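Convention: sequence-line order gives letters A, B, ...; per-chain numbering from 1. Predicted model, so just to flag it, every value in this text is computed and none were measured.
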Amino acid sequence: MTTPQEDKPVDFIRTIVAGDIANNKNGGRVHTRFPPEPNGYLHIGHAKAICIDFGIAADFAGKCNLRMDDTNPIAEEQEYVDAIQEDIRWLGWDWDGGMFFASDYFERMYEYALQLIDAGKAYVDDLTAEEIREYRGTLSAPGRNSPHRDRSVEENRDLFERMKAGEFPDGTRVLRAKIDMSSPNFNMRDPVMYRILHAVHPHRGDEWCIYPMYDWAHGLEDSLEGITHSLCDLDFENHRPLYDWFLDQLDIHHPQQIEFARFNLTYTVTSKRKLKQLVESNLVSGWDDPRLPTLRGLRRRGFTPGAICDFMKHIGINKFISTVDSALLEHFVRKDLNLTSPRVMGVLRPLKVVIDNYPNDQADELDAVNNPEDESAGTRKVPFSKVIYIEREDFMEDPPRKFFRLSPGREVRLRYAYFITCNSAIKDDDGNVVELHCTYDPETRGGDSPDGRKVKSTLHWVSAARALDAEIRLYDHLFTKENPSDVGEDEDWLDGVNPDSLEVLTGCKVEPSLTGATVGTRVQFERQGYFCVDQDTTEDKMVINRTLSLRDTWAKIQKQQKSSE
RNA sequence: AACCCGGUGGUGUAAUAGGCAACACAGGAGUUUUUGGUACUCCCGUUCCAGGUUCGAGUCCUGGCCGGGUUGCCA
């Protein structure tokens, strides 16, 4: 791994941090923070921020605080506080000294507000929300001063104390910073610092009825925690002058805010609003639906934290919203899983095969390699029998060009077992092939022929006698369009949901070595893809998610053949 | 036509202090193979445009074009 101190920094933020260390800014200290608002579940977009915040701290031997930015009791819940911690830990990051709550600083924020009032830098405004908006002006017109802007310090103090004491109903008064109503930056047009909200706070109960606004609170939170580099979304770029203004007025520790861009992933959405809509409209099964880009969804799907972090490292840090191909994320997942997943055999759509010349009662066990990428994973025994299942799509009665698999008269290898030759196919009344009759060559046990003859393909299979039944869920992109948000005015973005994003297969047959596999267990079904055991698994029903298919050259050939027809 | 921020292949990131545009993904063509997997080889670019500075510009300067953000008592 790259150590920025020794190597050249890899992105513009690390360049800044490295420079600060070189200049002994903050005494050479690096302290970041990840400050989620506990009002929803974390998704792949948050993972970028997490990897930046925790990653930079780690790279420079610094610290990163986890801080719940709980300044708005309306939307926030304890459930999210718990879920957020769990998801960050799953990603592989940790924080020492417990987590912080912005709401723990309410008393000190209040004191600081009083300081600003005393300095004549803040005032209580009686204007309604609508009036404040009107007074704020427009993109091209400057704002106007509130009629209450020049209240005396004494009156402001009195009013603000009474706001805190609960004397006024919600929305009747706010505390505002006195800056500049004609600033081209709206954030500087006397921004609201406190609003009255008689609400129960998940962490502070009903202790407070005034709550600080983000711009006022956030810099104080950072300052109080001794943060050196406050890394945040590009959305806050226009807020930086205000962040700086508050800390300058108070003359307290002043972290440097640096903004970076979030990113979009193709074929999915990450906006909180849209994710919520998907969940609430039951288009997905919940926040942990394996098709969702939520961290819980990705986890359930079988994506690994290592792959997600590698992906984040690869997409880097920038200052414009990029659209990253989902295939890139999938690449890192496959790369990780290829190295670590034990191989087993599983048949998704079983086709019964009877090996006519195989003794009825013979029970054979064959040696199979657990992971060709990892010798230490060893081998296992796989039971063979007269009746087996192969993949339905591995047989074609009338094969097209380049189809190497089984067809009448053709010989193929059963992985780790024998060469078999297909003699006949039995069909049902509708003409569907329902059973194959084959003969095997006992000389080819293990999969090699002593006479050196070759076969063009190797099939996976499962012994009918010893197979485990399973339900297997196949997933595809949740949306049919690369950018699901790109819809016309009279279109509903939800119409872009891929109707085939979930396919549930029942009656799948898997190798007996999967007996008792626990939830979350990851395997590769040879020739199929990466799978993991789902939480819906019960004593008598095994449920397995397909994380990702393997790269499929045959599928590409088929596609080409079809399009050239 | 206010202010702020951006612009390098189809996509994402690189390019010491101006010095042969590199890597990965996707796509295509092959080699190897008891996974049509993996691995390996090869192919795939007007650095948004126009001027300028310079022996030399993706990088510096000027002007334009395009994209994003900003008018919450959300974060």
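Taking atom C1' on both nucleotides, B/G45 is separated from B/U35 by 36 Å, rounded to a whole Å. Between B/G27 and B/U70, the distance separating the two C1' atoms is 39 Å to the nearest Å. A distance of about 14 Å separates the C1' atoms of B/C65 and B/A1, rounded to the whole Å. Taking atom C1' in both B/A50 and B/C23, the straight-line distance is 31 Å, to the nearest Å. The gap from the C1' atom of B/A15 to that of B/U33 amounts to 37 Å, rounded to the nearest Å. Only the P atoms considered, B/G67 is 33 Å distant from B/A24, to the nearest whole Å.
The side chain of A/Ile315 has B/G12 as its nearest neighbour among B/U35, B/G12, B/C5. Considering only side-chain atoms of A/Ile132, the nucleotide from B/C73, B/G28, B/A14 that sits closest is B/C73. Distance from the side chain of A/Glu526 is smallest to B/U35 among B/G28, B/U35, B/G36. Distance from the side chain of A/Arg527 is smallest to B/G36 among B/G36, B/U70, B/C74. For A/Thr138, the side-chain atoms get nearest to B/U71 when compared with the rest of B/C73, B/U71, B/C74.
With a 3.5 Å ceiling on both atom-pair distances, the Watson-Crick or G-U wobble partner of B/G63 is B/C49. In this structure, B/A24 and B/U11 make a Watson-Crick or G-U wobble pair, each of the two defining distances being under 3.5 angstrom. The nucleotide B/U41 finds its pairing partner in B/A29, both defining distances of the Watson-Crick or G-U wobble pair being shorter than 3.5 Å. For B/U70, the paired nucleotide is B/A2, the pair qualifying as Watson-Crick or G-U wobble because both relevant distances are below 3.5 Å. The partner of B/A17 is absent, by the rule that a Watson-Crick or G-U pair needs both atom distances under 3.5 Å.
Nucleic acid contact for A/Arg136: sugar-phosphate only, since backbone atoms but no base atoms lie under 4.0 Å from a heavy atom of the residue. At a threshold of 4.0 angstrom between heavy atoms, the contacts of A/Leu550 include nucleobase atoms, whether or not backbone atoms are also involved. Within the 4.0 angstrom heavy-atom criterion, only backbone atoms of the sugar-phosphate kind lie near A/Val192; the bases stay farther away. Among the atoms of the strands shown, only primed sugar atoms or phosphate atoms (P, OP1, OP2) are found under 4.0 Å from some heavy atom of A/Pro212. Within the 4.0 angstrom heavy-atom criterion, only backbone atoms of the sugar-phosphate kind lie near A/His331; the bases stay farther away. Nucleic acid contact class of A/Asp215 (heavy atoms, under 4.0 Å, all strands): none. Within 4.0 Å of A/Leu328, counting heavy atoms only, lie sugar-phosphate atoms of the nucleic acid but no base atom. A/Glu330 comes within contact range of no nucleotide atom at all, as no heavy-atom separation falls under 4.0 Å. If you check every strand for non-hydrogen atoms under 4.0 Å, A/Ser183 touches nothing. Nucleic acid contact for A/Phe263: none, since no nucleic acid atom lies under 4.0 Å from a heavy atom of the residue. Within the 4.0 angstrom heavy-atom criterion, no nucleotide atom of any strand lies near A/Thr266. Across all strands, A/Asn185 comes closer than 4.0 Å to no nucleic acid atom at all (heavy-atom distances). Residue contacts for A/Leu339: at a heavy-atom cut-off of 4.0 Å it reaches no nucleic acid atom on any strand shown. Counting any heavy atom pair closer than 4.0 Å across all strands shown, A/Ile557 reaches a base atom.
In this structure, A/Phe12 atom CZ and B/U13 atom C1' are separated by 13 Å, rounded to whole Å. One can place CZ of A/Phe525 at 19 Å from C1' of B/U38, the figure rounded to the nearest angstrom. Put simply, CE on A/Met188 is 15 Å from P on B/U71, counting in whole angstrom units. Atoms NE2 (A/His314) and C1' (B/A24) sit 4 Å apart, rounded to a whole Å. Atom P of nucleotide B/C73 and atom OH of A/Tyr194 are separated by 16 Å, given to the nearest angstrom. Here B/G9 presents its P atom at 15 Å from CG of A/Asp325, a figure rounded to the nearest Å.
For A/Tyr123 and A/Phe160, the gap between ring centers reaches or exceeds 6.0 Å.
The base of B/A75 is paired with the side chain of A/His239 by a donor and an acceptor separated by under 3.5 Å. Checked by distance alone, A/Arg343 brings a side-chain donor or acceptor within 3.5 Å of a matching partner on the base of B/U35. A donor-acceptor contact under 3.5 angstrom links the side-chain atoms of A/Gln524 to the base of B/U35. In terms of polar N and O atoms assigned as donor or acceptor, the side chain of A/Arg405 comes within less than 3.5 Å of the base of B/G36 in a complementary pairing. Side-chain N/O atoms of A/Glu373 and base N/O atoms of B/G37 include a donor-acceptor pair closer than 3.5 Å.
Considering every non-hydrogen atom in both A/Leu231 and A/Asp53, the closest pair reads CB-OD1, 3.4 Å.
For the pair A/Arg195 and B/A75, the criterion of a side-chain N or O lying under 4.0 Å from OP1 or OP2 is met. An OP1 or OP2 oxygen of B/U35 is reached within less than 4.0 angstrom by no side-chain nitrogen or oxygen of A/Ser457. A/Arg551 has a side-chain polar atom (N or O) that falls below the 4.0 Å cut-off from OP1 or OP2 of B/U38. Listed pair A/Lys556 / B/G27 meets the phosphate criterion, a side-chain N or O lying under 4.0 Å from OP1 or OP2.
Nearer the 5' end of RNA chain B, as judged by each residue's closest nucleotide, is the contact made by A/Ser322, out of A/Arg334 and A/Ser322.
Looking at A/Asp190 and A/Tyr135, their side chains never bring a donor and an acceptor atom within 3.5 Å of each other. Side chains of A/Thr379 and A/Asp367: a donor-acceptor N/O pair is absent below 3.5 angstrom, by distance only. Between A/Asp451 and A/Ser449, the side chains place a donor N or O and an acceptor N or O closer than 3.5 Å (distance only, hydrogens not considered). Between A/Glu221 and A/Tyr214, the side chains place no donor N or O within less than 3.5 Å of an acceptor N or O (distance only, hydrogens not considered).
The aromatic ring of A/Phe404 is stacked on the base of B/G36, with the two ring centres less than 5.5 Å apart and the planes inclined by under 30°. Once the 5.5 Å centre distance and the 30° plane angle are applied, the aromatic ring of A/Tyr214 is found not to be stacked with the base of B/A75.
Annotation: cation-pi pair A/Arg189/A/Phe186 present, NZ/CZ under 6.0 Å from the ring centroid and within 45° of its normal. For the pair A/Lys48 and A/Phe263, the cation does not sit on the ring face, since its NZ or CZ is not both under 6.0 Å from the ring centre and inside 45° of the axis.
Of the candidates A/Ile44, A/Ile52, A/Leu329, A/Met312 forms a side chain to side chain contact (heavy atoms under 4.5 Å, CB included) with just one, namely A/Ile44.
Counting only heavy atoms from C-beta outward, the side chains of A/Arg527 and A/Asp394 approach each other to under 4.5 Å.
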